[in-house]
Protein chains: 2
Amino acid sequence: MDRSPGTTSSPRDRNSKRQSVTLQDIAAHAGVSRSTVSLVLRESPLVAEATRTQVQTSIKALGYVYNRGAAALRASRTFTLGVVVYDIANPFFGAMVAGIDSVLHRENYVSFLANSEDSPERQQRFLERMREHRVDALLLCPAEGTDPTLLTQLADWNMPCVQVLRHIGAPPFDYAGTDFELGVRQAVDHLVALGHRRIVFLGGEAEHSATRARHQGYHDAMHAQGLGDVLGIVRGPVTRRAGFESIQALMQETPRPTAVICHNDLMALGAMLGLQRLGLIPGEDCAIIGTDDIEEAALSLPPLTSVATHPFSIGEEAARLAMRRIANPGGAREQVILTPRLQVRHSCDPIPAPGEAPYRRYPHATLDA
Amino acid sequence: MDRSPGTTSSPRDRNSKRQSVTLQDIAAHAGVSRSTVSLVLRESPLVAEATRTQVQTSIKALGYVYNRGAAALRASRTFTLGVVVYDIANPFFGAMVAGIDSVLHRENYVSFLANSEDSPERQQRFLERMREHRVDALLLCPAEGTDPTLLTQLADWNMPCVQVLRHIGAPPFDYAGTDFELGVRQAVDHLVALGHRRIVFLGGEAEHSATRARHQGYHDAMHAQGLGDVLGIVRGPVTRRAGFESIQALMQETPRPTAVICHNDLMALGAMLGLQRLGLIPGEDCAIIGTDDIEEAALSLPPLTSVATHPFSIGEEAARLAMRRIANPGGAREQVILTPRLQVRHSCDPIPAPGEAPYRRYPHATLDA
DNA sequence: CCTCTTTTTTGGATCGATCCAAATCTATTA
DNA sequence: TAATAGATTTGGATCGATCCAAAAAAGAGG
């Protein structure tokens, strides 16, 4: 009030002398105290309306930039989240991360993303780094082979953790994922309704919740359909290449399976390719169903029938759960389980009429589902 | 020295009273000063060997966790990097991010990853968030349509920026990418050597450096080969679906192109699918070359010939450049341009002998290149 | 006009590290 | 042995915000 700093301290002056505009500078400019400015920034209802607008004007005028680091030090809240996935190159995770971001954005959060590549050691190093950076919470898709005591460790660290897609350790824990068991059941039921009996599951080799649930679902559904005698599970990596290779081995068997359900879409796409390599037609010589319903699934030949697991929604739910946990660290743990939906396309169409050339059928298929 | 705090201040005691172990605690435990501990942590050569080991013992004993936020406040260095990409679901970026991480890891950095989805507005919001978090530098793959003044803005913000893959604004600026022009030339030359003349380029519609360079390369290479009269560039989105659709339109034309070079691999894979949908055989009815050489390229039918752009290396180089810039903000701007390499597979094999059934040829192709 | 609430504002302490000039401790040399 | 140089160590100030108890201002009631 005694001076009009808008003119006395020119930007040039500040540039040369001091690095950045601080609360103090704004306070001086607006003729109030540091604390009041802080309250305005945090949108406290305590400040009078007139003061608020005055301060906001000064903030704009001086081009102030909030220093979250400084705030974090005092308030011990960083507005920062750690996200650990195991295969960032899988489009599923692209979509999931987008879902996470969409929620974090609203909450003014920002995320550290790390790719464990399914290595517990890599994962551990990332977690330690994130600990130093004092993330408010963690979204963790645990790497294959992660020791269940990791959860205890994180609890000791005081780092809230929401597991995503896979889970380790004993309940209760926070978790967001899909009902994989139900997903596989949907796939099996669909195939059986189409007349298939020899249905093989191309699954993962790792022992974690997500493979277990799928295998359990397969097992139960097959039994429920009275097909307990033709169970077949192949275990291996869950990559495109693995799908490509294992289906070719599978097709050498007699009797051949007539349908294959895959752990994820990448495998399923690889499997379709493997069939083609053998001169077989996916969907006719052997039905294929994938899991995830990534974008590419609609863009294969034939378009892939897939159990949609809604990665974007999973990301959103996981992030929301993390926000809830941050707001209420002691609250009851939650498990958010989304319901998958079978997206039917053309990779398990019924056998074509005898006269019809199989290959020619694809052009009639619609790709837009 | 006067007391043995390892026993006097038990962990339980600290848990209840104070939140976390600080430098002060370690100093007391080791019988030295705060400052000395700080020097040890930063691996300063100033501290005597005996002191160093003593302090390190105390650090372990007390389970100290470095608080980077606090350090950042004082030292105004956050050990944090912003990374903005425009399509996280593209496996190319998965590999690139992995390359970035591998460098950051060594340097004890951690990265905020943001996905602009090619929206300048989204990008801008992320940048503002990262500014509040005071990232030490930015790795930016500018979203399509980004205003060139963004560079000025970032300079005003005092935020070092390394552009990646695409660049906007006027030199000098820091940049890491590939010689796309050369890449396309390699593709054209390869096709011409195989006897192709009607070579079409399936390119992007956006006006940025990466599309311009590719188009320029195509233009120059075609002219150099004396094919200036059969130029053909199709512009559109650079997605799998776009490749799928535009090649089908292209195949209606007369005379038909005999070869297509694509902006990226996703397009090329889509294009191969499009050919199949028309009942045409990729590589025989029409040759296809992609760009990037993502993992999936080796796993298509036929395996895709592609201009390898080495995403992992680009990520590494970009991150290294950022580290150099952080260490020396005023230094001369650098442009790191990697050399692409044509990875020949089977999507542009020469026309098969008359008697040979085209489709049967694929099983003989090796997928391992 | 004065007292009593209620609303709004404030300054000093604090978060946990680094910076830096000065103090201390060790050798070395005259 | 004292002076000097070099190697270590140190404490106070600082980074830029929040917390919180207390002060000041505004409004209500008699």
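Remember, predicted model here, so these are calculated numbers, not experimental data. Labels below follow one simple rule: chain letters A, B, ... track the order of the sequence lines, proteins then strands, and each chain is numbered from 1.
Side-chain atoms of B:Y66 lie closest to C:dA17 of the nucleotides C:dT9, D:dG11, C:dA17. Closest approach to the B:L39 side chain among C:dT9, D:dG16, D:dT10 is made by D:dT10 (side chain taken as heavy atoms from C-beta onward). In this structure, of D:dG16, D:dT8, C:dA17, it is C:dA17 that holds the atom nearest to the side chain of B:L23. In this structure, of D:dC19, D:dG16, C:dC19, it is C:dC19 that holds the atom nearest to the side chain of B:R42. For B:R74, the side-chain atoms get nearest to D:dT14 when compared with the rest of D:dG11, D:dT14, C:dC15. Ranking C:dC19, D:dG16, C:dA17 by closeness to the B:Y64 side chain, first place goes to C:dA17.
Among the protein residues, B:R34 comes within range of the nucleic acid bases, having at least one heavy atom under 4.0 Å from a base atom.
The CD-P distance, from A:E49 to D:dA26, rounds to 16 Å in whole Å. The separation between B:Q24 atom CD and C:dA17 atom P is 10 Å, rounded to whole Å. Counting to the nearest Å, the P atom of C:dA17 and the CD1 atom of B:I26 are 7 Å from each other. Regarding A:L73, its CG atom lies at a distance of 8 Å from the C1' atom of D:dA17, rounded to whole Å. We find that CG of A:L46 is positioned 13 Å from P of C:dT10, with the value rounded to whole Å. Distance A:E132 CD to C:dA17 C1': 13 Å, rounded to the nearest Å. Between the P atom of C:dT14 and the CZ atom of A:R77 lies a distance of 24 Å, rounded to the nearest Å. A straight line from CG of A:L41 to P of D:dG16 spans 15 Å, rounded to a whole angstrom.
The salt bridge (charged side-chain N to carboxylate O under 4.0 Å, His left out) check on B:R333 picks up B:D174, with sequence neighbours excluded.
Side-chain contact between B:F126 and A:D101 is present, with at least one heavy-atom pair separated by less than 4.5 Å.
Between B:V32 and B:R134, it is B:V32 whose nearest contact on DNA chain D lies nearer the 5' terminus. For the pair B:T36 and A:N67, nearest-nucleotide mapping onto DNA chain D gives the more 5' position to B:T36.
Between C:dG16 and B:T22, no contact under 4.0 Å exists linking OP1 or OP2 to a side-chain N or O. Between B:T51 and D:dT8 there is no side-chain polar atom (N or O) within less than 4.0 angstrom of OP1 or OP2.
Classification of the A:F173-A:H167 ring pair by plane angle, with boundaries at 30° and 60°, yields tilted. In this structure, A:H133 and A:F112 have tilted ring planes: the angle between them lies in the 30° to 60° band.
For B:S35 and D:dG11, a side-chain-to-base donor-acceptor distance below 3.5 Å is present, hydrogens and geometry of angles not being considered.
Residue pairs that meet the salt bridge (charged side-chain N to carboxylate O under 4.0 Å, His left out) test with at least one member in residues 27-42 of chain A, sequence neighbours left out, do not exist here.
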